[in-house]
Amino acid sequence: MGTAFLRCPEAKINPAWAEALAGLEPEDTVLTRAFSGRLGRAVNNAYVRAAAGCDAPPPAPYPVQRGLMQAMREDAQKANDRERLQAWAGQSASLARTEPAGDLVRRLWQEADALLP
């Protein structure tokens, strides 16, 4: 459910990250330790692919890897560069909509309530 809230205006995520989630196929996300050293599901961008390459060094443990990646993450944020951006995303990311969080919660509640007897 967390990814559903990422495109809400209140999340204030990087515009390139929000755009990457729109229309994202489940296969376009992968498990990676490349950004933080901890396993997480992210948009399969150029950096994630390079970090998973057979000649790439293994990521350092958390929080060392996170510190090593800080400059790249900050630069990618400033440049709106989705190919280097740390863009976490669940497999159903394409279902996320650009709507206020309160509207999202109300809509989800109404949809769930309609399915319950």
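We use all heavy atoms of the structure for the numbers below, so side chains are in, but hydrogens, waters and symmetry mates are not.
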In one Ile/Leu/Val/Met/Phe/Trp/Tyr side-chain cluster, 4.5 Å: [X], [Y]:
X: Phe5; Y: Trp17; answer: no
X: Val105; Y: Met1; answer: yes
X: Leu24; Y: Leu104; answer: no
X: Tyr47; Y: Val30; answer: yes
X: Val48; Y: Leu31; answer: no

Supply the atom-to-atom distance [X] [atom1] to [Y] [atom2], rounded to the nearest 0.5 angstrom.
X: Asp103; Y: Gln110; atom1: CG; atom2: CD; answer: 9.5 Å
X: Asp81; Y: Asn45; atom1: CG; atom2: CG; answer: 8.0 Å
X: Arg84; Y: Arg73; atom1: CZ; atom2: CZ; answer: 12.5 Å
X: Leu6; Y: Leu21; atom1: CG; atom2: CG; answer: 6.0 Å
X: Leu39; Y: Thr32; atom1: CG; atom2: OG1; answer: 8.0 Å
X: Glu19; Y: Arg82; atom1: CD; atom2: CZ; answer: 7.5 Å

So which atom in [X] and which in [Y] form the shortest heavy-atom distance, rounded to 0.1 Å?
X: Ala56; Y: Ala51; answer: CB-O, 3.4 Å
X: Asn14; Y: Ala16; answer: OD1-N, 2.8 Å
X: Cys8; Y: Ala4; answer: SG-O, 4.2 Å

Could you tell me whether Arg49 atom CZ has more than 12 heavy atoms of other residues or ligands within 6.0 Å of it? yes
For the side chain of [X] and the backbone of [Y], is there at least one donor-acceptor N/O pair under 3.5 Å apart?
X: Glu83; Y: Ala46; result: yes
X: Glu10; Y: Ala101; result: yes
X: Gln65; Y: Ala34; result: yes

For Leu95, the hydrophobic cluster (side chain heavy atoms closer than 4.5 Å, chained through members) also holds none
Less than 4.0 angstrom from a charged side-chain N to a carboxylate O is my criterion; do Lys78 and Glu74 meet it? no
Could you check Arg66 against Gln86 for side-chain contact (heavy atoms from CB on, under 4.5 Å), going step by step and ending with a plain yes or no? CA-CA 11 Å; Arg66 182 157 174 73; Gln86 175 180 300; 3.7 Å; yes
For a 4.5 angstrom cut-off between non-hydrogen side-chain atoms, does Phe35 reach Met72? yes
